[in-house]
Amino acid sequence: MAFLVRRLLLAVPVIFLVTILVFSLMHMLPGDPATVILGQEAPPEAVAALREQLGLNDPIVMQYLHWLGGVLHGDLGHSLVDNSPVSDLIAQRLPVTVELTIGTFLIALIIAIPAGIISATRQGKFSDYVASILAMSGMSIPSFWFAMMLIVLFAVKLGWFPASGYTPFFENPAANITAMILPMFATALREAAVLMRMLRSSLLEVMSADYIRTAYSKGQRERVVVLRHAFKNALVPVVTTSGLMVAGLLGGLVITESIFSIPGFGKLIVDSIYQRDFVTVQGAVLVSALLVVVINLAVDLTYSLIDPRIKVGKGAEG
Amino acid sequence: MSTLLEVKGLKKYYGTRKEVVKAVDDVSFTVEEGETLGIVGESGCGKSTTGRAILRLIEPSEGEVLFQGKPLTALKNAELRKARRDLQMVFQDPFASLNPRMTVGAILEEPLKVHGIGTATERKEKVKKLLETVGLTEAHYDRFPHEFSGGQRQRIGIARALITQPKLIVADEPVSALDVSIQSQILNLMKDLQEEFQLTYLFISHDLSVVRHISDRVGVMYLGRMVELSPKKSLYDNPLHPYTQALLSAVPHPTPGEKRERIVLTGDVPSPANPPSGCAFHTRCHACMEICKTERPALKETGDGHFVACHLY
Amino acid sequence: MSHSATQASASNTAVPVVKKERRARQFWRRFSRNKLAVVGGVIILVLILTAIFAPLIATHDPIFDQDYNNLISKPGNGHLLGTDDLGRDTFSRLIYGARLSLEAAAISVGIALVIGVPIGLVTGYYRGVWDEWVIMRIVDAMQAFPSIILALVMAAVLGGGFFNAMVAIGIGFLPSIIRITRAQVMTVRNLEYVQAAKAIGARDGRIMFLHVLPNCLAPLLVQATLSMAAAIVAEAGLSYLGLGAAPEQPSWGSMLHIAQGYLNIEPLLAFWPGLAIFLVVLGFNLLGDGIREVLDPKLKR
Amino acid sequence: GCSSSNSADTSKSDAKPATNAVKQGGTVNISLDADPPKLDPSFSTALVDRMVFQSIYDKLVDLDDKGNIVPMLADKWDVSPDQKSYTFHLHPGVKFTDGTDFNADAVKFNIERYMDKASTRRNELQAVDKVSVVDPSTVKIDLKQPFAPFLSVLTDRAGMMVSPAAVKQYGDDFLNHPVGTGPFVLKDRVKGSTLTLEKNPNYWKEGLPHLDKVVYKIINDSNQALNNLKSGQVDITNVFPTKEIPNFANDPKISVVNQAGQGFQGMHLNASKAPFDNAALRSAVDLMIDRDAIVKVVLNGAGTAGHSPFAPTQFAFGDTDKFERPNVDKAKELLKQGGKPDGFSFTLKIGTTPTNQQLGQMIQNMLKPAGITVNLEKVEFGTLIDQAKNGNYEAVQLGWSGRPDPDQNLYDWDVTDGTQNYSRYSNKDVDTLLQSARVEGDNNKRKELYDKAMQILNTENPYLYLYHSNNVFGLSKEVQGFVYVPDGLIRTATLSK
Amino acid sequence: MSTILEIQNLKTQFHGENRVIPAVDGISFSLQKGETLGVVGESGCGKSVTSLSIMRLLAKGAKIAEGRIHFNGRDLLSLSEAQMRSVRGNEIAMIFQEPMTSLNPVYTIGKQLSEMTMLHRGYSKKQALDHAVEMLKKVNIPRPEKIVHEYPHQLSGGMRQRVMIAMAMSCDPDVLIADEPTTALDVTIQAQILDLMRDLRDRQSTSILLITHDLGVVAEMCDRVIVMYAGQVVEAADVNSLFERPAHPYTQGLMRSIPKVDADLDRLESIPGSVPLPGSVRQGCRFASRCEQAHDKCLSDTPPLFELGEGRQSRCWLNQESAIGEVQHA
Ligand SMILES: Nc1ncnc2c1ncn2[C@@H]1O[C@H](COP(=O)(O)OP(=O)(O)OP(=O)(O)O)[C@@H](O)[C@H]1O
Ligand SMILES: Nc1ncnc2c1ncn2[C@@H]1O[C@H](COP(=O)(O)OP(=O)(O)OP(=O)(O)O)[C@@H](O)[C@H]1O
Ligand SMILES: [Mg+2]
Ligand SMILES: [Mg+2]
């Protein structure tokens, strides 16, 4: 518990910096939000009025503090564009991306773990080569291109899956899943490749460790040595990568989301940037940074589950 | 003979907020000009830390180091860099102590460059000559470290320490990474060089035989403290501290069938983060008394330059 | 003296301990045994040659050779891979696209290295408050920021254009470059040869740049190569979102962006630039991986 | 003085003979290419908002399929001879979907709300002096001076009636809780994804709407929208990839609505700074552009090349829309006049869509023979508008979706300090002409005034008109009752499936 | 005394970057029941490769090219992998040099100790754990009931090496191969471990193959010694004769180059140069380049391993006259 508190406290400056970073970046963006929101036809008075109403005429620092004050009271503010609470927007969009992320990650794991193990234990053999080449290719395919090709094949030519669109899971689970499969696969391929390579090299390293030789010297069979003795030890870097990956996916599915017209979190941020909806962007990025912190925490907790040497709270900084 | 180096109350604590590792805890000794002071002790007892703190490669937490009467510990950075011309170090790991991206020539010339000694050609000459001195040849000048064996690398390390013609060389386990037959080559070389250049050595090792061979005086460290310090003969023939006695008796002799009284210590060396109170050795000492548990014994002379920190004396 | 002399000659005769091979050649030999890495190297070489000799290889002008009577045509009619939405020769645009891809990789990774390496070097060497509480927290904050969004905003802040977009992508690479440099510096600075340099009285600057930095380059080289792959994908991604290279520039990413509109009509239009990106990214990845394998002592066999 | 007075009894759905009974119930899915940001007509700025508004709100008057102004909530209206006073006779017994009454008070409330400083409708209603309630079903609007486009304005957002009670209840958040008198009621919304509307069971037009549900789905990409149309997940798409039009000529399931709209596309040339402070150079650029090629390539023929802001359906349309074929010699002549005989270069800022890019590159290519070098700069839309407004550009490509009245497509662009006069163009004669056209009630006279203004503008060329694009919808053949209205907005009340 | 393990002409090769490295080049020796056989030699001379060859646990790229390993009447090299597994840990057990890294960091001591008996003796978890506690007691680990639930990183180096020994002894193996079991430990801890090994050997009459480079350890522990140089046996003798009258110049040099803890030597002798890489000497005696007594024949002719009587062997032309024969296969 003390550890959790300490870690969260340590995260405070980071979160704080994130807010400053996003705030200043958004205010450095060319394009006055009032102008963007009101569009081409707006008369200058309306723009001025909106600026006033949005508090855009206050000094930047005041705007920041005002926003921060709200955040500290649990109020992320209201969207500049449609006035709905930013927290509602996030609550609507985040679960979609979370579903997408989890699905992507699971698919990636299901591919990566067996492939990584096979490739590591058959190092230098044909199957290793095949797996390595496939992994390298997987890593090199731009996911949005891959997505486009998947749409051409599976949605347009074969018609197995919808080309795009999104149905909330609780509305129609089957429709939800069929709509999510292509986007998940489009992204998962690359992630699987990354994980697989990480697992492979980590396993190879572990397989040359002394304690693996010890395990063999006990008369243990290879399968047991690999799955029991080596695998768990090889997981630490894989978990690190997974953490980074999940964190990256949560904010980084923008392009997948736009290709498949999925109303996700990344798209919310990008759309809000385009609409100069500062408040929404700030809120969303803040939440995303918090998620990163939480994921890192989860990763650290996982470490200590895997490796008793890593005491929770130690070895955080690399 | 005059005192070249004087170490007074040297301490080095590594602190995390929760625990303090007392790597070196109040160590004092002197090194006379031209002699070799050996320091022995088990792994983690603070030998290296002592050596490095003297050269201020790590900043000592407390204490004073006088070199030729001048306090090294008080020097500013620039002065310290200058002073390092006279104080050199030979490192333990012949594989890690040479920059893999520099040629032997560049490695050896660097100290000269740093101290602005000689012209380019003079430096090159000097290096080539020194290569011969340490048992290598001119031909090695342009080679990279990875092209050498461990023993040869250690020669290069020694040459680097020698090139500025220092007065004191701190050698931190210079032979422990080497095979026996190579080890003796290096030990011989070091002895020869000492003679040739009137060097003073602070020789750190965990190997009692090696220390005996090379040293004039020997200090024994345990858990960051100096427990015994004495001329070699009297230390090896008549060890006073129970730890020294145990240490000496634990060394296997290459004499088969020899029957010896062996003191086998129980337990492990305690952690320097949490050293026992009083005499740090009392937890493993066969002669432990009540006073040992509470009072830390001072290093006192029992005669003939033989110092011991033990309540028995 | 006599002793050392005899030893000198003796040790000479027994020297042949380690191969007398120079690093570069040894590197090359190891590298060339890794077939995949060689494939990667060849791909990149072909890319570079294509970029240099684009005018000789291309059959048409990539920008101004528009033919409004021959839009989105299939291969044929003097167009090796058909034409695009303005009747331009797809093949020629692909060929010229190699230049942009190389520039994208060079600019973004260059920026990241030029800024990131010194920061990582200095903070990793000195550690302390600045490192821990300022630089690393900023790096954390940047990493907590979704990377594509960072690039997007930075690109918008810096203003349009290819160069700026690449700078934005380069800034996105900064955190990882700083981290890798710093981690490496922190390992290397404790190595004995760095201590040795300190012991001979060398200044910090000399130690950092002569002793620490050169020995940190291996992982940076790997990271740089892999980042080049990432840069090309990122450029395509930004182009896909409508930012990046000027519209007439035959960047593969913007070609893809345009081609997406014709996916139902002519999927091949999206196929070619995608394939080009894939191959080049694969090339950089294989190369980076090969270099890593050669340099990583743990993987040496 | 032609005070139109119309008194068609109920709704225009009667225009269609309801011979065999229209199918009731069911859902129609309409794809929109963007998420409607603000469901409040008072603050709405986006074209796509207006799509959804057609289902939620009714207007005082509406447009019919010919573009004529027809009754809606106002059964009829009288215009005073000085054209400064409009009296609307409201349809009786209409209720908002929150159960409150629609009456003259509500109209007064709405018009005044739109005139508020913060409202984006303010500019459209600036001619309004005051609104007075004559009796519960009669409301009178007085203008400061005659304003010819007034009724046209009321066919759109400024004429939409929202529930005053709901506005009071929700305040700023009304835009997320829209309440009108329309055929459908907003039930559920997932931002960025769907808007689900349900039938208004008490709709005042007898027998309407037919559908139980209308779902707007946000699909940004027109190709994706088409894919969804093909697979049946969507019944109507509000955009259609024009290059696909020929492929659907005989499609059994999908028909394409491809009709002229009211808008125009073109580019602003910044007349306040070099090089385009020189009219000859502007004209040289104008002359070199091959508009026919653009329509062919960019629109795949779904539009008409043009040289004026007036769409073919509008009364002001005519000879002013004609243009010359590109002519290098003549252009060179103009360049000489402009003091740049060897050509010049300028930066054209364009948006980031593929169409924007295509257009930009064609212009770049077309100007090359005259020695004019175009540097294209892709600018993200938010920045683009900002820079256009601030005059921070040399040339910028921006168009207009169009409105029914010519004034709404010209006045603000070319009058000195007009809200859309990004070209920073100023010409006394043009100002006078456009002002007079505004207050003139007779459309024939107005056309003359516009012709005169366009003659000046087509030689001065502060804005280069390029083409009028069509509105192109994809429509499943299962959908019945679709009526194309030239404002390009889909009316859902009459749909059935 | 009966022979329990006999190595005949063992040749183990590494397939290096572009050549074959004969790491072990024709080694023969035997281990008697209850005997401790020391193997000494400089780093890289092939000690570990020999032991790993016996266990058939060589790293990838290594191959046993020739030879036989007879163990209890079977040739280990001809066993199937499954048969070999039942030998490993059960009949021949092994302790490695690095106690710090030879235990799996993610499992408890108890779990790692149990693995062996569950595998070879079919113990239940409970039985195996009890047995583990029993074994830990035998190696003098205090509070064994607690230690079985701890992880390796919670133990000191000495404790871990005891655990390794306990593990190796779990199934009462006939042969224990100890590859530099104390090299990583401090002298005082080394003394504890050596005491323990002696004790176990005396109680259970296990045969021990003790690999070390420390002649002191050899003198204290071993009955017989073989000295290896560059992949070959250069001398074999009982421990007393070896230290009193080393026959091979290399052994002689080795003896003279170690500093003594109980005597002051003015100057050490040293063997110049360093061990040649296996396979780098193609002709003549592998030690010739470092040998003070080398003559022409040493450079041109490869010496065989001469049988000197009383079980002594030496690979040096100087011993040719006193030889009573040559070891076969050599
Ligand atoms: N940078 C450091 N931070 C924390 N503790 C340290 C650090 N360096 C050394 N120590 C600790 O200080 C103690 C003394 O270390 P030192 O390296 O001086 O021992 P040593 O006698 O040289 O041991 P060895 O024989 O293993 O080289 C050890 O317990 C070590 O763990
Ligand atoms: N995995 C390997 N690949 C290639 N060569 C190897 C490998 N392992 C060992 N060798 C070579 O085999 C020879 C014998 O190695 P071995 O490990 O048996 O030496 P050792 O006598 O145990 O030395 P040490 O005392 O250092 O443990 C060495 O020269 C070494 O270079
Ligand atoms: Mg040390
Ligand atoms: Mg070994």
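In this text, all values refer to a predicted model and were calculated from it rather than measured experimentally. So that the names make sense, note that chain A is the first sequence line, chain B the second, and so on, each numbered from 1. These values consider heavy atoms only, across backbone and side chains, with no hydrogens, waters or symmetry-generated copies.
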Which atom of [X] lies closest to which atom of [Y], heavy atoms considered:
{"X": "C:Gln143", "Y": "C:Pro175", "result": "CG-CB, 3.4 Å"}
{"X": "C:Leu286", "Y": "C:Gly40", "result": "CB-CA, 3.7 Å"}
{"X": "C:Ala276", "Y": "C:Leu94", "result": "CB-CD2, 4.1 Å"}

With chain C as the partner, which of [options] has the greatest number of non-hydrogen pairs under 4.5 Å?
{"options": "A:Gly248, A:Pro13, A:Ser137, A:Ala289", "result": "A:Ser137"}
{"options": "A:Ile20, A:Ile259, A:Leu249", "result": "A:Ile259"}
{"options": "A:Met148, A:Met139, A:Met149", "result": "A:Met148"}

Do [X] and [Y] get their side chains close enough for a donor-acceptor pair, meaning under 3.5 Å?
{"X": "C:Ser254", "Y": "C:Ser251", "result": "yes"}
{"X": "A:Glu257", "Y": "A:Thr97", "result": "yes"}
{"X": "A:Ser140", "Y": "C:Asn285", "result": "yes"}

message: I'd like to know whether A:Arg276 forms a salt bridge (Lys or Arg N to Asp or Glu O under 4.0 Å) with A:Asp32, so could you lay out the CA-CA distance, the side-chain angles of the two residues, the decisive distance to 0.1 Å, and finally the verdict.
response: CA-CA 7 Å; A:Arg276 298 297 184 274; A:Asp32 169 36; over 6 Å; no

query: Any chance OH of C:Tyr126 has more than 12 other-residue heavy atoms, nucleotides or ligands included, within less than 6.0 Å?
result: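 Yes, because the 6.0 Å sphere around OH of C:Tyr126 holds more than 12 heavy atoms from other groups.
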
Over 12 non-hydrogen atoms of neighbours within 6.0 angstrom of CZ in A:Phe161: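 More than 12 heavy atoms, drawn from other residues, nucleotides or ligands, come within 6.0 Å of this atom.
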
message: A:Tyr64 vs A:Ser24, test: side-chain hydrogen bond (donor to acceptor under 3.5 Å, both in side chains). Steps then yes/no.
response: CA-CA 9 Å; A:Tyr64 175 70; A:Ser24 29; over 6 Å; no

Using non-hydrogen atoms only, which part of [X] is less than 4.5 Å away from chain C: side chain, backbone, both, or neither?
{"X": "A:Leu17", "answer": "both"}
{"X": "A:Tyr129", "answer": "side chain"}
{"X": "A:Tyr274", "answer": "side chain"}
{"X": "A:Val18", "answer": "both"}
{"X": "A:Val152", "answer": "side chain"}

- prompt: Out of C:Leu150, C:Leu275, C:Val139, which one racks up the most heavy-atom pairs below 4.5 Å with chain A?
  reply: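 The answer is C:Leu275.
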
Among the listed options C:Gly253, C:Gly237, C:Gly274, C:Pro273, the residue most often paired with chain A at heavy-atom distances under 4.5 Å: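 The candidate making the most pairs under 4.5 Å is C:Gly274.
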
Portion of [X] that has a non-hydrogen atom of chain A nearer than 4.5 angstrom:
{"X": "C:Ile138", "answer": "both"}
{"X": "C:Asn264", "answer": "side chain"}
{"X": "C:Phe271", "answer": "both"}
{"X": "C:Met154", "answer": "side chain"}
{"X": "C:Leu152", "answer": "side chain"}

message: Do A:Met26 and A:Val22 make a side-chain contact, defined as non-hydrogen atoms from C-beta onward lying under 4.5 Å apart?
response: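 Sidechains of A:Val22 and A:Met26: in contact.
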
message: Checking A:Ser119 against A:Asp128 for the side-chain hydrogen bond (donor to acceptor under 3.5 Å, both in side chains) test, could you report, in this order, the C-alpha distance in whole Å, the side-chain angles of both residues, the deciding distance, and whether it holds?
response: CA-CA 4 Å; A:Ser119 173; A:Asp128 178 30; 2.4 Å; yes

- request: Could you list which of residues 219-233 of chain C have a heavy atom closer than 4.5 Å to any heavy atom of chain A, in residue-number order?
  value: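 Residues of residues 219-233 of chain C touching chain A at under 4.5 Å: C:Val233.
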
message: Under the criterion side-chain hydrogen bond (donor to acceptor under 3.5 Å, both in side chains), I'd like the reasoning laid out for C:Glu235 against C:Ser101: C-alpha separation, chi angles, the key distance, then a yes or no.
response: CA-CA 8 Å; C:Glu235 190 273 335; C:Ser101 288; 5.5 Å; no

